Amino acid sequence: MAKYPFKEIEQKWQQRWEEDQTFRAVEDEHYPKEKRRYVLDMFPYPSGAGLHVGHPEGYTATDIYCRYLRMNGYNVLHPMGFDAFGLPAENYAIQTGTHPAVTTYTNINRFRTQIKSLGFSYDWSREVTTCDPEYYKWTQWIFLQLFKKGLAYEAEMPINWCPSCKTGLANEEVKDGHCDRCGTKVVRKRIRQWVLKITAYADRLLEDLDKLDWPEPIKLMQRNWIGKSEGATVIFKIDGHDATLEIYTTRPDTLFGATYMVLAPEHPLVPSITTPDRLAAVNAYIDEAAAKSDLERTDLAKDKTGVFTGAYAINPVNGARIPIWISDYVLISYGTGAIMAVPAHDSRDWDFAKKFNLPIIQVVAKPGETGPFDREPAECFEGEGIAVNSSEFNGLPTAEFKQRITAWLEERGIGKKAINYKLRDWLFSRQRYWGEPIPVVHCEHCGIVPLPEESLPLTLPEVKSYAPTGTGESPLATIEEWVQTTCPKCGGPARRETNTMPQWAGSCWYYLRYLDPHNPKAFADRSKIDYWMPVNLYVGGAEHAVLHLLYSRFWHKVLYDLGLANTDEPFMRLVNQGMILGEDNQKMSKSRGNVINPDDIVANYGADTMRVYEMFMGPLEVSKPWSTAGLVGVSRFLERIWALSERAIIDALMSPELEKLLHKTIKKVTNDTATLNFNTAISQMMIYSNELAKLESIPRAAWEPFVLLIAPYAPHLGEELWAKLGHTESVSKAAWPTYNEALTHDEEKEIVVQINGKVRSKFTAPAGTAREQLVEMARQAEKISDWLAGKEIIKAIAVQDKLVNFVIKG
RNA sequence: GCCGGCAUGGUGAAAUGGCAUACACGGCAGACUCAAAAUCUGCUGCCCGCGAGGGCGUGUGGGUUCAAGUCCCACUGCCGGCACCA
């Protein structure tokens with residue numbers, strides 16, 4: 001018996017698909033909207049390490065699904081491209097002097113070859129690369145639209161700075177307070193930055209999550225990241241000053257329990273309210289806080305610090321004079337940068353009050369708590385309850401008190417309802433070379449001036465050194481002839497922006513460029529957007545939950561508001577594939593030496609084996625360890641199918657039993673493929689092929705549908721077997737097999753007989769036998785009369801086609 | 001600390017509240033072979049028993065139910081996210 005010649009077959013069909021452009025997607029109006037599907041993979045960053053076994057997992061899943069959809073009469077858009085700007089290529093350039101574009105395109109070519117070797121049905125004519133000027137021209141163009149809408153602005157703000165790499169780092173490049181690349185401790189540095197006003201969309205980004213068919217944990221992560229909170233602002237008078245102090249609280253009902261105030265060290269009121277005797281201490285504290293990194297201020301420094309300013313605020317509800325402190329546990333960037341401290345009902349305030357011996361007054365009684373409430377409580381209580389020590393509000397439940405006190409404050413003009421978000425504006429600039437140049441100039445007369453859209457792309461100039469300057473400017477700043485330019489508005493001298501965009505920029509909208517990748521006039525023609533969008537299924541890793549997936553939702557909404565997109569959400573359904581771990585159940589990494597290279601698998605076992613194995617490992621969404629033994633099992637499965645195809649395929653009727661199994665198999669594989677439950681679809685195909693293996697010759701009617709079922713999973717094998725059956729057209733154009741529902745049901749059912757819930761016997765009965773009759777049959781069943789002898793039957797439960805359970809006593 | 005996810009044989013894993021362990025790997029036995037590999041067939045949760053058979057079993061402890069891997073409550077462990085957001 002000839003071994004399955006996967007090398008020849010895979011090469012042959014990949015070549016054929018390319019020559020025939022089998023998977024080219026065309027905007028054919030004959031397909032109604034509901035027969036079109038846009039199935040998207042998260043495109044890869046082409047690293048120097050080559051494709052990882054994790055990449056093909058999601059790609060295989062979408063590929064099987066796309067092939068399944070095409071066979072079911074759908075017009076499918078399934079593109080692939082490369083996220084090509086980014087740090088690794090630039091860092092390599094710094095070390096070796098190789099232009100990042102050279103490294104990047106070498107890696108892209110390798111990735112493309114690797115991806116193609118797995119036989120995915122992408123429409124490669126739509127490939128996009130984010131570092132291509134023809135692509136980033138439109139990234140810059142979208143930036144200009146954001147700028148014109150006032151959604152991109154310049155600001156001085158503290159950022160994460162790596163003193164060793166001499167560059168700013170994005171939040172995602174900081175791991176536990178250290179530079180992800182070199183391990184140096186990150187410090188804060190104030191430099192000029194471009195920032196995108198994502199906060200303007202906070203509420204819509206939150207609300208619209210409800211429309212999306214995404215995994216709940218991902219939606220929850222976005223909700224938490226956006227962090228909407230509802231409360232009130234309250235204005236406190238400052239004793240002896242005209243200025244007032246505004247604070248934000250989610251618990252206005254605890255106002256009577258405020259025993260001190262805390263300002264962030266950066267709060268603008270601090271200098272003016274600090275008393276002379278406290279000035280030295282306050283200034284020392286401010287300097288100390290400023291020198292701390294974010295890590296020191298948050299992660300490591302749960303220990304509260306702070307100093308008294310010498311000033312007092314007046315509590316508007318009871319006139320109490322309460323001290324104003326400063327502490328870095330209050331953040332200048334959230335709310336009003338100032339709080340009222342209620343130590344009895346906030347654990348942070350509790351810790352602070354305990355440390356500095358500040359008074360603690362209980363104002364909320366736990367449900368059922370009876371008091372007395374005139375002494376300092378033994379512990380902090382943050383839950384809801386009944387108001388105490390709150391004058392005329394005593395006895396009110398928390399929720400009601402909140403409403404009443406907010407109205408009370410509003411009437412007096414000293415407070416109002418307020419909403420805050422944890423989400424911050426998006427720090428959008430990098431002091432890096434390998435990114436999209438930000439298309440604006442700084443003019444002495446006109447200020448910041450956007451480049452005219454016709455002048456785009458603003459391409460990256462060549463530089464001698466890719467190394468960061470260390471001054472907080474990108475390497476672009478060193479090219480005087482590039483930096484010096486003229487103002488598009490007044491024609492006077494101007495300097496180009498030298499910051500570049502972060503890696504996330506290109507991926508914010510790539511799914512739109514796939515729709516019309518070569519359009520020189522627009523990022524995508526509106527008719528093509530209307531034809532395909534929104535994305536029906538988006539598959540990728542969960543690590544992008546709050547970064548790419550939030551950023552691209554933001555950009556998409558902006559485009560929608562500009563009338564440039566047809567929906568206000570880009571990705572209707574999201575599925576996260578689980579991680580593939582090493583054989584040792586650890587994350588794959590070079591240092592652990594447990595990395596599996598897909599090239600080796602394809603070379604030794606074939607692409608189809610790789611594909612089917614990755615889908616057979618377990619559910620798509622969960623993490624699972626790689627197992628070479630498991631891979632071999634799948635390889636044997638495909639070998640057996642090949643061996644079956646070498647047997648005589650005859651035009652004879654199949655047995656009724658086989659026919660039933662065939663229809664059950666078609667049903668299960670159809671449903672499981674449609675719902676992405678590929679592992680159970682594969683095991684059903686194994687069951688069916690094991691049955692076929694018992695036959696010396698195989699009825700054509702039993703074989704052909706099976707070839708069609710396996711084709712999306714093992715497409716090369718599928719094509720070859722289909723051709724062996726005499727078909728000349730690609731199996732991907734064939735119609736998916738149908739099943740007869742009646743044949744998927746058994747006429748005879750095995751009925752289980754239980755005594756007190758334990759299985760004691762079994763018998764067969766015609767499907768649909770009435771429950772009363774099942775009970776009668778069960779009484780006669782083998783051994784059951786012995787079990788029932790001399791016992792009282794309290795109850796007999798019968799479930800049609802399933803079981804009879806006798807509940808007995810004695 | 002807070003939020004979320006997961007936990008089933010030696011292993012990867014199946015299971016609309018209705019026979020737990022389908023399918024695959026591994027293991028054992030057998031067939032083929034001079035032999036081995038490959039391939040094929042059978043067996044394979046644990047305990048007691050010669051056997052018939054019985055008992056126990058889905059991280060732990062409770063509960064609901066005629067019936068729980070599945071539903072509820074409490075806990076443990078692992079993985080992920082957030083981390084002074086007032």
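From a predicted model like this one, the values you see are computed outputs, not experimental measurements. Every chain is numbered from 1 and lettered A, B, ... according to where its sequence line falls, protein lines coming before strand lines.
If you check B/G4 for Watson-Crick or wobble pairing at under 3.5 angstrom, you find it paired to B/C79. Using the Watson-Crick or G-U wobble rule with both distances under 3.5 Å, B/A37 pairs with nothing in any strand shown. Under the Watson-Crick or G-U wobble criterion, with both distances below 3.5 Å, B/U64 has no partner in any strand shown. Partner assigned to B/G45 is B/C56, using Watson-Crick or G-U wobble distances below 3.5 angstrom. Look at B/G9: it lacks any Watson-Crick or wobble partner with both distances under 3.5 angstrom.
Between A/Y329 and A/T305, every side-chain heavy-atom pair lies at or beyond the 4.5 Å cut-off. Within the 4.5 Å cutoff, side-chain heavy atoms of A/D203 are placed close to those of A/Y421. Between A/D349 and A/M340, the closest side-chain pair of non-hydrogen atoms is not below 4.5 Å.
Base engagement by A/I797 is indicated by at least one non-hydrogen atom pair under 4.0 Å involving a base atom. A/V807 comes within 4.0 angstrom of the backbone, heavy atoms only, and of no base. Within the nucleic acid shown, A/E216 has no heavy atom closer than 4.0 Å to any nucleic acid atom. Using a 4.0 Å heavy-atom distance criterion, A/K758 is classed as a sugar-phosphate-only contact. Among the atoms of the strands shown, base atoms are found under 4.0 Å from some heavy atom of A/K802. Within the 4.0 angstrom heavy-atom criterion, only backbone atoms of the sugar-phosphate kind lie near A/S229; the bases stay farther away. At the heavy-atom level, A/G335 lies nowhere under 4.0 Å from the strands shown. Within the nucleic acid shown, A/V752 comes within 4.0 Å of at least one base atom, counting heavy atoms only. At a threshold of 4.0 angstrom between heavy atoms, the contacts of A/F806 with the nucleic acid are absent. Across all strands, A/V634 comes closer than 4.0 Å to no nucleic acid atom at all (heavy-atom distances). Contact annotation for A/Q754: base contact, defined as any heavy-atom pair under 4.0 Å involving a base atom. Using a 4.0 Å heavy-atom cutoff across all strands shown, A/L220 reaches sugar-phosphate atoms only and no base atom. In this structure, A/N679 reaches the sugar-phosphate backbone alone: every heavy-atom distance under 4.0 Å involves primed, P, OP1 or OP2 atoms, never a base. Within 4.0 Å (heavy atoms only), A/S627 reaches no atom of the nucleic acid at all.
Screening A/I324, A/I414, A/L255 against A/F236 for a side-chain contact (heavy atoms from CB on, under 4.5 Å) leaves a single residue, A/L255.
Of the candidate nucleotides B/A67, B/A86, B/G55, B/A67 has the atom nearest to the side chain of A/N805. When each of B/A24, B/A22, B/C19 is scored by its nearest atom to the side-chain atoms of A/F616, the top-ranked nucleotide is B/A24. Nearest to the side chain of A/N224, among B/A15, B/C3, B/G26, sits B/C3. The side chain of A/N690 sits closest to B/A24 out of B/A24, B/C84, B/A67. Residue A/P625 has its side chain nearest to B/A13 when only B/G54, B/A13, B/A86 are considered. Here the nucleotide nearest the side chain of A/T680, chosen from B/A24, B/G18, B/A14, is B/A14. Among B/A86, B/A14, B/G12, the nucleotide with an atom closest to any side-chain atom of A/P619 is B/A14. If you check B/A86, B/G18, B/G54 against the side chain of A/D346, the one that comes closest is B/A86.
At B/C82, none of the side-chain N or O atoms of A/R223 fall inside 4.0 Å of OP1 or OP2 (strictly under the cut-off). The phosphate of B/A86 (OP1 or OP2) has no side-chain N or O of A/Y329 nearer than 4.0 angstrom. OP1 and OP2 of B/G12 both lie 4.0 Å or more from every side-chain N or O belonging to A/K624. Under 4.0 angstrom from either OP1 or OP2 of B/C40 there lies at least one side-chain N or O belonging to A/R640.
Using C1' as the reference atom, B/A15 and B/C19 are 11 Å apart when rounded to the nearest Å. Nucleotides B/U41 and B/C34 place their C1' atoms 23 Å apart, quoted to the nearest Å. Rounded to whole Å, the P atom of B/C25 lies 23 Å from the corresponding atom of B/C32. To the nearest whole angstrom, the two C1' atoms, one in B/G57 and one in B/A20, are 9 Å apart. For the P atom pair drawn from B/C23 and B/C43, the interatomic distance equals 11 Å after rounding to whole Å. Taking the C1' atom of each, B/A13 and B/G9 are spaced 11 Å apart, rounded to whole Å. The same atom, P, is picked in B/C82 and in B/U11; the two are 32 Å apart, to the nearest Å. With C1' as the reference atom, B/A35 and B/C79 are 49 Å apart, rounded to whole Å.
Residue-to-nucleotide contacts include no donor-acceptor pair under 3.5 Å from the side chain of A/K422 to the base of B/C82. A/E750 contributes a side-chain N or O that forms a donor-acceptor pair with the base of B/C19 under 3.5 Å.
The separation between A/W350 atom CH2 and B/G1 atom C1' is 17 Å, rounded to whole Å. For the pair A/E543 CD and B/G5 P, the interatomic distance rounds to 19 Å; values are reported in whole Å. Regarding A/K219, its NZ atom lies at a distance of 18 Å from the C1' atom of B/G81, rounded to whole Å. Distance A/M617 CE to B/C23 C1': 15 Å, rounded to the nearest Å. Atom CG of A/L803 and atom C1' of B/A67 are 8 Å apart (whole Å). In this structure, A/R636 atom CZ and B/C23 atom P are separated by 15 Å, rounded to whole Å. When the C1' atom of B/C23 is taken as reference, atom CE of A/M615 falls 16 Å away, rounded to whole Å. As a whole-Å value, the separation of A/L581 CG from B/C78 C1' is 12 Å.
Using a 3.5 Å distance cut-off with no hydrogens or angles, the side chains of A/T673 and A/Y713 do pair a donor with an acceptor. No side-chain N or O of A/S689 forms a donor-acceptor pair with one of A/R640 less than 3.5 Å apart.
Comparing A/P217 and A/G630 along RNA chain B, the residue whose closest nucleotide (by nearest heavy atom) sits nearer the 5' end is A/P217. Between A/I687 and A/K668, the one whose closest nucleotide on RNA chain B sits nearer the 5' end is A/K668.
Heavy atoms only, all atoms of each residue included: A/V270 and A/I326 are closest at CG2-CG2, 3.7 Å.
Using cut-offs of 30° and 60° for the angle between ring planes, the A/F352 and A/Y260 rings count as parallel. Taking the six-membered ring for Trp and thresholds of 30 and 60 degrees, A/F356 and A/W325 have ring planes inclined between 30 and 60 degrees apart.
In textbook terms, a nucleotide whose glycosidic angle is within 90° of 0 is syn, while B/G57, being further out, is anti.
Atom CD of A/E748 is surrounded by more than 12 heavy atoms from other residues, nucleotides or ligands within 6.0 Å.
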